[in-house]
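Here is the structure we will look at, set down as structure tokens.
Chain naming here is simple, since letters A, B, ... match the order of the sequence lines and numbering starts at 1 in each. This is a predicted model, so every value here is computed, not measured.
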2 protein chains.
Amino acid sequence: MLSPTEENYLKVILALSSKNEQAVHTNAIAAELRIAAATATDMCKKLAVKKLVSHEKYKGVLLTKTGYLKACLIIRKHRLWETFLVEQLKFKWDEVHEIAEQLEHIDSEELVNRLELLLGSPKTDPHGDPIPDKNGYLPPSRSMPLAEAATHDVHVVRGVADQSSKFLQLLNKLNIGIGSRIRIMEKFDFDQSIAIKVDQQKTVHISDQVARNIIVK
Amino acid sequence: MLSPTEENYLKVILALSSKNEQAVHTNAIAAELRIAAATATDMCKKLAVKKLVSHEKYKGVLLTKTGYLKACLIIRKHRLWETFLVEQLKFKWDEVHEIAEQLEHIDSEELVNRLELLLGSPKTDPHGDPIPDKNGYLPPSRSMPLAEAATHDVHVVRGVADQSSKFLQLLNKLNIGIGSRIRIMEKFDFDQSIAIKVDQQKTVHISDQVARNIIVK
DNA sequence: ATAAAAATTTAGACTAGCCTAAAAATAATT
DNA sequence: AATTATTTTTAGGCTAGTCTAAATTTTTAT
Ligand SMILES: [Mn+2]
Ligand SMILES: [Mn+2]
Ligand SMILES: [Mn+2]
Ligand SMILES: [Mn+2]
């Protein structure tokens, strides 16, 4: 049995390793969890003893098969709970993350499986992220940031890279959500900002930073 | 903010103090939580520093106003989650307690209030126990002798009117104790005797004199 | 290639929550 | 009332998870 703390480490290591396939540096983990570097190093050694990661000194850690599976199952719980909070309890999509951070550590397979059933086995969470199945299988999503998408084409919003409420509230203001159709009108080389039309409304202008955090397919 | 451990102590102290109005002995807490007596003493001192209980050395602890309120709000969460598990996730009433022991520590007022709404503001949990409102108000369970309780309903044993060992030994034989759940199957007008089921065991027959001395809610 | 800078690990310390064993206070017996 | 038994507290120690400061290794820049 893993403690909530250990589970959080696994989750962070999975998130960081899916960006760049390399070993995850202990400092990156520390930054993400807002703890001291020494603390992260210490825990990585413990996770290595438990065979959840492999740890090469001064290089970083990689999830083992077991560690990866555990991480996926926590992601599964997190995303199913988020879906429950939005679908059943009518929370907004920017209000659910912190609560799901707690709920994901509730230890009951039966509970999460029944929750999935209650929700009608959703494929994605309120942020467009795929929900792993009960075996921990996480479907590969081939999508890209809006910033890299082709001009003039229409792209369907599939998710967000940044899950912070600040960002999500900005998207609310722009009427951008999962499923929104965005046409890129023009790109401005000067600052990489882009002009877009959301669902055929009037054209708005967004920064590169926003465009990089909107995931489309 | 209270840790899950501290919350569990408060809950146990409330449960033990509602049986007998006296101060709760540290040993009773230790027994209930299955921890060493020394550990309970230690925590009681810490809770006293936080003004959640008053602690008189060698006498025991009593919840303060604040401590009582906190305890009631944990009970509220526990019972609402149990209701959710049974009503929405179709768990059986005997399967939900352990999971609710975890869920009751999730920290979000908004969550529990919305959960209450989703469930239609139930008055009691799957075990018939009352659910405190959002102010922590736990409706006063006006208790009565089993002899006066309604037929077919389930009643929770809250105490005894006769404290004699002869009576208590009879209750032991009948497997009736504080917290036992008694369903009244039938009342016989001839001698006011009644047929009951104790905790879903087989039906037994008790005299009016016994029924008048069992206090239920 | 060496020196400086940055990243990482090690060392030592702290708190929460638990333990056992010993001491002290209270309750029960004689 | 004195002795014995029971309950409760104190004392000291352990692990998980955190920290800061110092040492070490790796990377970068001269
Ligand atoms: Mn989230
Ligand atoms: Mn999400
Ligand atoms: Mn329960
Ligand atoms: Mn209950």
Side-chain angles (χ1 to χ4, degrees), chain A residues 1-13 16-17 19-20 22-63 67 70-71 74 101-102 104-105 107, chain B residues 1-13 16-17 19-20 22-63 67 70-71 74 101-102 104-107 163 165 168:
Chain A
M1 190 50 3
L2 299 178
S3 70
T5 303
E6 290 171 315
E7 293 192 337
N8 285 335
Y9 274 85
L10 293 184
K11 223 176 40 149
V12 163
I13 295 167
L16 292 173
S17 65
K19 287 180 187 174
N20 41 12
Q22 313 301 314
V24 177
H25 292 204
T26 52
N27 253 19
I29 298 169
E32 191 68 23
L33 290 173
R34 285 125 204 267
I35 54 175
T39 309
T41 301
D42 218 55
M43 180 58 90
C44 285
K45 286 196 294 189
K46 289 173 190 166
L47 293 175
V49 168
K50 292 191 176 182
K51 308 279 190 206
L52 295 166
V53 304
S54 56
H55 182 208
E56 201 181 339
K57 253 174 133 184
Y58 291 99
K59 297 295 182 194
V61 292
L62 272 174
L63 289 172
K70 301 267 189 198
I74 301 158
E101 282 296 313
Q102 297 182 60
E104 71 190 1
H105 304 294
D107 177 33
Chain B
M1 190 49 1
L2 298 179
S3 70
T5 304
E6 291 170 316
E7 293 191 337
N8 285 335
Y9 272 85
L10 292 183
K11 222 177 38 149
V12 162
I13 294 167
L16 291 173
S17 66
K19 287 180 186 176
N20 42 12
Q22 313 301 316
V24 176
H25 292 206
T26 52
N27 252 21
I29 298 168
E32 191 68 24
L33 290 171
R34 286 125 202 270
I35 54 176
T39 308
T41 300
D42 218 54
M43 180 58 91
C44 284
K45 286 196 293 190
K46 289 174 191 166
L47 293 175
V49 168
K50 292 190 177 183
K51 308 279 191 207
L52 295 166
V53 304
S54 56
H55 182 208
E56 201 183 340
K57 253 172 133 184
Y58 290 101
K59 297 295 182 197
V61 292
L62 271 174
L63 289 171
K70 301 267 189 197
I74 302 157
E101 283 296 314
Q102 296 182 61
E104 71 190 359
H105 303 295
I106 299 295
D107 177 33
Q163 311 261 334
S165 34
L168 297 180

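- One interatomic measurement links the two molecules: CG of Asp42(B) to C1' of dT8(D), which rounds to 12 Å at whole-angstrom precision.
- Remark: Leu2(B) CG to Tyr9(B) OH distance equals 13.5 Å, nearest 0.5 Å.
- Remark: P of dA16(C) and CD of Glu7(B) are 16 Å apart, rounded to the nearest angstrom.
- The side chain of Asn27(B) contributes no N or O atom lying less than 4.0 Å from OP1 or OP2 of dT7(D).
- Rounded to a whole Å, the CD atom of Glu6(B) is 9 Å from the P atom of dA16(C).
- When all heavy atoms are compared, the tightest approach of Gln22(A) to Ser17(A) is O-CB, 4.4 Å.
- Lys11(A) is linked by a side-chain hydrogen bond (donor to acceptor under 3.5 Å, both in side chains) to Glu101(A), Glu104(A), counting only residues two or more places apart in sequence or in another chain.
- The phosphate of dT8(D) has OP1 or OP2 within less than 4.0 Å of a side-chain N or O from His25(B).
- The two atoms that bring Ala37(B) and Ala30(B) nearest to each other are CA-CB, 3.7 Å, heavy atoms only.
- Of all the residues in residues 48-61 of chain A, Tyr58(A) reach under 4.0 Å from DNA chain D with at least one non-hydrogen atom.
- A close approach under 4.0 Å does not occur between any side-chain nitrogen or oxygen of Thr39(A) and OP1 or OP2 of dG17(D).
- Summarising the geometry, the separation between CD on Gln22(B) and C1' on dT7(D) is reported as 17 Å, rounded to the nearest angstrom.
- Look at Lys46(B) and you won't find any side-chain N or O under 4.0 angstrom from OP1 or OP2 of dT15(C).
- Distances shown here put a side-chain N or O of Thr26(B) below 4.0 Å from the OP1 or OP2 atom of dT9(D).
- Considering only heavy atoms from C-beta on, Leu52(A) stays 4.5 Å or farther from Ile13(A) through its side chain.
- When distances run from any side-chain atom of Ile35(A) to the nucleotides dT7(D), dT18(D), dT10(C), the shortest one goes to dT18(D).
- Both Ala38(B) and Met43(B) lie close to DNA chain C; mapped to their nearest nucleotides by heavy-atom distance, the more 5′-ward contact belongs to Met43(B).
- Closest approach of Leu10(B) to Leu47(B), counting heavy atoms only: CD2-CD1, 4.3 Å.
- Counting any heavy atom pair closer than 4.0 Å across all strands shown, Ala40(B) reaches no nucleic acid atom.
- Regarding Leu2(B), its CG atom lies at a distance of 13 Å from the P atom of dA16(C), rounded to whole Å.
- Contact check on Glu6(A) versus Lys50(A) returns a salt bridge, with a Lys/Arg side-chain nitrogen under 4.0 Å from an Asp/Glu carboxylate oxygen.
- In this structure, the separation between CE on Met43(A) and CG on Leu33(A) is 9.5 Å, given to the nearest 0.5 Å.
- Computed from coordinates, the Lys45(A) NZ to dT18(D) P distance equals 15 Å when rounded to whole Å.
- Within the 4.0 Å cut-off from OP1 or OP2 of dA16(C), not a single side-chain nitrogen or oxygen of Thr5(B) is found.
- If you measure from atom OH of Tyr9(B) to atom P of dA16(C), you get 13 Å, rounded to the nearest angstrom.
- Atom CG in Leu47(B) sits about 12 Å away from atom C1' in dA16(C), given to the nearest Å.
- Nearest-nucleotide positions on DNA chain D for Pro4(A) and Thr41(B) put Thr41(B) closer to the 5' end.
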